[in-house]
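Please read all numbers here as calculations on a predicted model, not as lab measurements. Computed from heavy atoms alone, side chains included, the values below leave out hydrogens, waters and symmetry copies.
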Amino acid sequence: VPFVLVTGAMGEECAIEALTTGATDYVLKNRMSRLAPAVDRALREVEQRRITRAAEAELKQREEQFRVLFEANPVGLVYSAMFDDGSTRYLRLTPAYLNLAGYTPADFLERRVPQRELTPLEYRHLDDQAITQALATGASDPYEKEYIRKDGERIWVQVRTLLVNREERQFLTLIEGRSEEHTSELQ
């Protein structure tokens with residue numbers, strides 16, 4: 001509720017105290033022409049605070065929905081930022097990705113990981129093409145490659161890269177494990 005204080009005499013210190021303890025504004029009795037504009041401004045501020053709170057609540061709800069969808073997704077999702085040297089900083093990883101790759105969040109989060117640690121040399125050009133395509137069109141076509149798990153095992157995966165933020169070079173990469181039988185059928 002907005003509170004506009006109307007007073008006959010108020011010193012500067014009292015006015016400041018009233019405003020810092022919750023009053024929206026104050027009007028001196030000898031300047032009553034300021035009352036209507038002060039009330040209008042107070043009502044606008046209340047409405048703006050209501051709109052802001054509603055937007056913040058909606059944003060919080062959407063963030064929670066995104067978190068649940070991201071974490072529960074059966075496809076491995078990697079949200080990352082890529083640097084010019086080809087290294088990547090991993091910002092968020094799904095449990096499905098960590099399980100597929102055999103890593104823990106501590107293995108990736110907030111450090112740069114050279115692409116060569118994850119992709120055999122003969123498939124690196126596919127990753128480069130996917131990034132180039134995502135930068136140009138917003139998303140790469142799906143492609144298959146081998147992936148190196150933490151234990152050194154090579155597994156077949158299908159990959160698709162989506163551009164999230166061009167300026168920050170942020171991408172969402174979908175990585176889905178493929179069985180060897182399925183992969184040999186596609187070749």
Side-chain angles (χ1 to χ4, degrees), residues 1-99 101 103-115 130-140 160-175:
V1 175
F3 181 80
V4 178
L5 179 64
V6 178
T7 182
M10 177 182 265
E12 191 174 305
E13 286 183 24
C14 287
I16 291 171
E17 184 179 342
L19 292 172
T20 58
T21 57
T24 307
D25 204 347
Y26 71 95
V27 176
L28 297 174
K29 284 184 182 178
N30 63 354
R31 303 209 43 207
M32 290 302 286
S33 61
R34 282 196 61 239
L35 182 59
V39 170
D40 286 343
R41 185 178 64 79
L43 292 173
R44 281 193 312 271
E45 286 178 9
V46 166
E47 180 61 14
Q48 186 58 48
R49 282 194 300 269
R50 186 195 64 75
I51 290 169
T52 300
R53 278 194 303 272
E56 288 170 349
E58 183 178 344
L59 178 61
K60 186 176 180 180
Q61 180 183 14
R62 287 179 185 222
E63 285 174 347
E64 180 61 16
Q65 289 170 341
F66 173 77
R67 186 192 64 74
V68 168
L69 287 170
F70 193 88
E71 305 236 342
N73 199 314
V75 173
L77 300 176
V78 176
Y79 183 52
S80 62
M82 179 166 283
F83 298 93
D84 291 334
D85 67 0
S87 64
T88 301
R89 184 177 70 210
Y90 292 80
L91 305 170
R92 196 163 194 172
L93 308 160
T94 61
Y97 168 76
L98 294 168
N99 184 50
Y103 288 93
T104 67
D107 292 323
F108 284 118
L109 294 177
E110 297 305 320
R111 76 177 186 101
R112 291 182 179 196
V113 179
Q115 180 184 7
I131 294 297
T132 300
Q133 186 179 20
L135 285 168
T137 66
S140 73
R160 184 162 193 219
T161 301
L162 310 172
L163 178 64
V164 175
N165 182 314
R166 182 178 308 282
E167 292 80 32
E168 302 288 325
R169 291 181 55 97
Q170 293 178 348
F171 299 90
L172 180 65
T173 304
L174 293 73
I175 303 171

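With sequence neighbours excluded, no residue satisfies ring pair (Phe, Tyr, Trp, His ring centres under 6.0 Å) with F171. Evaluation of the salt bridge (Lys or Arg N to Asp or Glu O under 4.0 Å) rule for E64 yields R67 as partners, not counting sequence neighbours. In this structure, the salt bridge (Lys or Arg N to Asp or Glu O under 4.0 Å) partners of E71, at least two apart in sequence or on a different chain, are R92. Evaluation of the ring pair (Phe, Tyr, Trp, His ring centres under 6.0 Å) rule for F3 yields no partner, not counting sequence neighbours. Partners of T132 under the side chain to side chain contact (heavy atoms under 4.5 Å, CB included) rule, at least two apart in sequence or in another chain, do not exist in this structure. With sequence neighbours excluded, the residues satisfying side chain to side chain contact (heavy atoms under 4.5 Å, CB included) with P105 are L98, L109. With sequence neighbours excluded, no residue forms a salt bridge (Lys or Arg N to Asp or Glu O under 4.0 Å) with R31. Partners of T7 under the side-chain hydrogen bond (donor to acceptor under 3.5 Å, both in side chains) rule, at least two apart in sequence or in another chain, do not exist in this structure. Evaluation of the side-chain hydrogen bond (donor to acceptor under 3.5 Å, both in side chains) rule for Q170 yields Y79 as partners, not counting sequence neighbours. Contacts of E167 classified as salt bridge (Lys or Arg N to Asp or Glu O under 4.0 Å), with partners at least two apart in sequence or in another chain: none.
Pairs passing the ring pair (Phe, Tyr, Trp, His ring centres under 6.0 Å) check and including a residue from residues 38-75, sequence neighbours excluded, read F66-F70.
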- request: Might you work through the salt bridge (charged side-chain N to carboxylate O under 4.0 Å, His left out) test for K60 and E56, ending with a clear yes or no?
  value: CA-CA 6 Å; K60 186 176 180 180; E56 288 170 349; over 6 Å; no

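Heavy-atom minimum distance, L163 versus L135: CD1-CD2, 3.9 Å. For A96 against P74, the heavy-atom pair with the smallest separation is CB-O, 3.4 Å.
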N/O donor-acceptor pairs under 3.5 Å from side chains in residues 48-55, not counting sequence neighbours:
unit_1 : atom_1 : unit_2 : atom_2 : d
Q48    : NE2    : T52    : OG1    : 3.4
R50    : NE     : E47    : OE1    : 3.1
R50    : NE     : E47    : OE2    : 3.4
R50    : NH2    : E47    : OE2    : 2.6
T52    : OG1    : Q48    : O      : 2.9

